[in-house]
Every structure is written in structure tokens, then in C-alpha cells.
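Here the structure is a predicted model, which means the values were calculated and not measured. In each ligand, atom 1 is the first atom listed, and ligand 1 is the first ligand listed.
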Amino acid sequence: MTSTLTRRRILQTGVAAAALTGMPQLAWAAGPVVKLRIMETTDLHVNILPYDYYRDAKDDAVGLARTATIVKAARAEAKNSLLFDNGDMIQGSPLGDFVAYRRGMKKGDVHPMVAAMNVLNYDCGTLGNHEFNYGLEYLQNSLGAAKFPLVCANVIKADGETMLKPWLILDREVTDEAGAKQKLKVGVIGFVPPQIVQWDKGHLDGKATTVDIVDAAEKHVPELKKAGADIVVALCHSGIAGGERKGGEENAALHLARVDGIDVILTGHQHFVFPGGKEFNNIEGVDAKAGTLHGKPAVMAGFWGSHLGVVDLELTREGNAWKVANFRTEARPIYERVDRKVVPKVESEAAVIAAVQADHDATLKYVREPVGSTSVPIHSYYSLVADDASVKLVADAQSWYVADLLKTTEYKDLPLLSAAAPFKAGGRGGPNYFTEIKPGPLAIKDMADIYIYPNTIRAVKVTGAQVREWLERSAGIYNQIDPAKGGEQDLINPKFPAYNFDVIAGVQYRIDPTQASRYDNDGKLVNPDARRIKDLTYNGKPVTDDQLFIVATNNYRAGGGGNFPGNDGSTIVLDAPDLTRDAIMRYIIDRKEVAPKADGSWSLVTPANVTMTFTTGPNAAAYQPAGIKVEKVGDAPEGFVKYRIVS
Ligand code: MN
Ligand code: MG
């Protein structure tokens, strides 16, 4: 277990501690040494069995049943251990939605997430932002049966008290390295992103407010120390981000690490892995290799049960005070990827599966039942050459969701656009890799066909000039068509991924592929004089460069994915907590029947003397695109079919 690196750190820390206190090294070396293992699960989101309900298929990369086996092994290795959960427990999978929307959660009922967690004997937990998604009564009923305590220091009720106990002390008898019993008081304090009051305004208005995470820590950690805590573990349902502290940070774990008295920071919310995740390289104060925040041990255990966070502490006693003399941190995965395939590292724990089997079976029925219907076919066979219903449905749902969250903000009067790209559009996925849903019922298991990525929703504030450049970047999907050459010419650049072909709903425009692309495949401006986007209008009027827009999009794009103009993270005005496919699902439930309409809001300029061709799947034969006419030319390699644009 002790690597060379760790051993080196033991020495360094030991020497430093002795030097700092001026004590002879023997004095601390002779005292008791306690090894304490602290384990974290986080962002479980009602993922218990290895199952993806959106696809209605097995998924070995998720599920607490498998994490439980890792917990068991990790416990067996350690003399003393504690297990914590860091929040986002009761929402985030169709199993959770089944309980919330179908089965119900009365007082005394046991939530399946809690039933599963009770099997593992957690020592304490905290709340995540998603705990508030179904209202406070639901939250209370769901966590009522938990056999472990919960703490949260920064949600305040109308009467000024914290909603939960802000902190508690776990009185534990531990075994030291000499085999003697020692008493240890482990202080535990919890935090949630203060943004819950915006994200769940409907549920929290008038009932609860929030306090900045660091402010809450500065208030309560001294109380914990006064109450005798030997060490303090922060259950911080918040992620790791650099930069100066402004107050009210959503991802405050790094700032929290500076608070005196906190010894260990369990982080989460971002669904990343720490130590290890490359997302945290080059942030001042973060050591993503050693797993430290300002020198203190920290972990983030991925999401949906993907990892178990492990912090091993070596505690020494000086007089009556216990000190962290050494530590190591680790995130243990439940699976590994071998040749792009998910291979589980352990079997699922039978007792955890048994605890939720009935709710799992009921959820399988639930995801196969219609939640609404579509009156039109939803397919992506022509999504790269014409306005298309599969992309429009996503754009419509995003607009609906974002408009609701922005309606009480300063952005409410800005024109709202919505950007979405075809995800399943053939390409390397093959000739059957297209979205295709026939008119009729829509079930939850269809969501993966409509929106395959677990993206979350974002809104950005951009200028008319940035909207134009955003579309120019998208338009790079087309090869340059040469009218002088004439004849048949391939339209689509196969090296350009379809997920970067953002269509922006809410504006009208045409794309002229006879011009050179302004941007290359990586989003680099390569032809500053070229323009493919023509006749860009909003409400029938030309879009001006300084006009302001809100664009609904996803976390990938808004954070700089695909290198799109106007999207580098700095333009984000709404960082929404929900998965895009959850928003689509709720939109369908809300509408009961959807009819996403390809309305020809964008179209291709078709030069007279060129026949532009593209390939699509063989099932395209059953449909015609909106706004243009196409004709089958013949079979293409690898099972694709070649079409030409007639007009
Ligand atoms: Mn989460
Ligand atoms: Mg969260």
C-alpha cells in the first residue's frame, strides 16, 4: 500500500513537523499512531444496479452495487475506516424519477437509494444540490429512513436555523498501530452549492436561503473544534476551481481548503475524478497527482458509483491533540476500459441489488411505458443537409428549460436562441447510426436515441457577431463546392464530427458551401475573408454585430468544446444542473404530445450547375427532408446510401 512516493512524504512531513514544533523527533514517534481510512462516494444519483435505463441496457460503468464491493475490500485492508457520502443521492436516473413521479414517496417509505446505502453502513452524509429537485417534503421523506446521519452547514430555514445539523462529531474507538484502543472524535461538516436557491427557486422560495460555503465553514468549524473534534472532515458537495474567491462560488472546495481546522476535503458535484483527472492540472493550489488542495488531502469519486474515494490518514498524538502526520489519497474505479470496452473490476454486491430489486424491476416497466408521444417522425437521416426534427426537438426543449430558469433574471428580455447538433448522424457509427423514432408513443428508453450524451444545459450570452461566427464554425462541415468545375461533388467533410454541426434555432440563415470555410476542423480561423453564412436574420431583420442574444446550449459547447466562437466558458450566464435529456424528457411529459417541426429556418445555397451529394442510412428511403428535395443515387461503401440534392 505504501508507495515510494508516500514513504518519501512520511519522512518529509515527519521532519517538517519536528522542525516546526522544535520537538525532539522521538517525542512524537513514541506516541500512539492511528491509521484511519476515510472513504467517499459522491454523486450516486440513484445509480445502484449496473444498468442504463435510458438505453434499457446493462452498463458496467455505474452503480453503487459494484462500488460496495470496493468498499468491502477497502474496509478489510484498514484497521479503522469511515464511509461518507457527499450528496446528489435521490435524483438523476430514471429509477429516481420512477420513485418521484410514479411510486411516490410518503412518510415512512424507503427510497431505493437509501435502502441501498443502508446496506453499506455509512457513517455520515451530506446533501447535494439535486436533493432539492422534488421539494422539501420529498427530500425529508426520502432521507427519513437513512440509517446514517446527515449534515449541512449552509442551508438556512426561514427561522434562521440551519435546515440540518451543520456538523456532528463521530465518537469512535480506534485501534492504533501498537494494537491499543484509542478514542477519536471525528468532526464532520457538510456543504452544498449556494446556487440551489436559483436552481430550485420554486421549491425553496420563502422556505430556505443559502450561505457561502467558506463563510459557513468559518462560522462552524471553530464550534467543531471547541466541541473537541480531533480531526475535521468536510463533506463538500462542491467541486474544485481556481481563481480568486468572490463569494458564493458553486465550486468552492479549493477555497474551503484554506479554512483553518479542516483536515480532509471530500469533494464532488463536478462528476470528475480526483486525484487523477486532467481537468485539475495547472490550477494554483491544486496537486492533481498527490490529491491535495492547498496541501490538504482531498478526493472526488467520479459519479454514479464509478469510483470510491479513499483518503488514508496517519494520525499521531501530541499531548492530547491528534495531528495528521501523513496521508495519501486515491480514487478507486469500479471498471477499466480495455480496447474501448468497459470491463468491470469487481462483481456487484448481492445484498445491495437485493435491497432495490423490486424498484429496479418496476423501473424497467416504467422506462418502457410511454411518457408522451410524437405526432411526427423524428429522425436524423437528413440532419446534415436540411433543417431537421430530431435537432429541433432538442433545441425546443432547451429553450423551454432555459426560458423558465431565466424568467426572473436580468436576461429575461434578451432574445433566446437554442443551439443543437445531430449526434447520431452515421459517420464512424455506421449506416444504422441515426436517430429514428416513428410517430406514436415516446418512452424514457427512447431518450438515449434522441440525445446520447450525458451533457448538462448551459446558456451563454453572446453578440450577433458571435452568433454569426458560431454558425461559420458549424458550416465547416461542408466541403467547398466549386461551381466552375460543375458535375457531381461530395458535400460533407467526413473528418468533421456531426456533434460540432450546431444548428441555431431562433435565427434564420442560409449556408453557401461554394465559399471557403472560415474555420478548419479544429475551430481555427483559416480564411478570414471567407463567409458561408448568408442572410442571417432575427424576427425578419438582419442580425447586427452588437445585438445581444442568449443561446441555450450544453456544458461541452459552452465550456469551449469544439472551440466555438463565443464559447470559452466566460460567456456562460446559466450553469444549469440538469442533464439535457432530463430536460427533453420533462418537456415531452409537459407537452404530452410533441411535433418538432423542421421549419426550414436554415437552408443550403444550391449552385445551379453542381450536383451536391451526401451519404445517409438505407432507412432514409422512407422519408424526405424539409425544405429541399433529394434523390437516391445508389449504394455507397460500408452499407451507406448515396443521395443527391435536386433542389
Ligand atoms: Mn451530481
Ligand atoms: Mg451536484
Atom nearest to the Mg ion (ligand 2) - H269, N, O or S atoms considered
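Nearest to the Mg ion (ligand 2) within H269's N, O and S set: ND1.
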By atom name, which N, O or S atom belonging to D88 lies closest to the Mg ion (ligand 2)?
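Checking each N, O and S atom of D88, the shortest distance to the Mg ion (ligand 2) belongs to OD2.
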Using a strict 4.0 Å threshold on nitrogen-to-oxygen distance, state whether [X] and [Y] make a salt bridge.
X: E244; Y: K246; value: no
X: R586; Y: D578; value: yes
X: D60; Y: K58; value: yes
X: R591; Y: D396; value: no

Suppose we only allow N, O or S atoms; which atom of [X] ends up nearest to the Mn ion (ligand 1)?
X: D88; value: OD2
X: H45; value: NE2
X: D43; value: OD1

For a side-chain hydrogen bond (donor to acceptor under 3.5 Å, both in side chains) with R458, tell me which candidate from T553, D575, T571 qualifies.
D575
Taking everything shown except D260 itself, do over 12 heavy atoms lie less than 6.0 Å from its CG?
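No.
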Checking only N/O/S atoms, does H130 have one that is under 2.8 Å from the Mn ion (ligand 1)?
no
I need the NE2(H237)-the Mg ion (ligand 2)-OD1(N129) angle, rounded to 10 degrees.
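Value returned, to the nearest 10°, is 80°.
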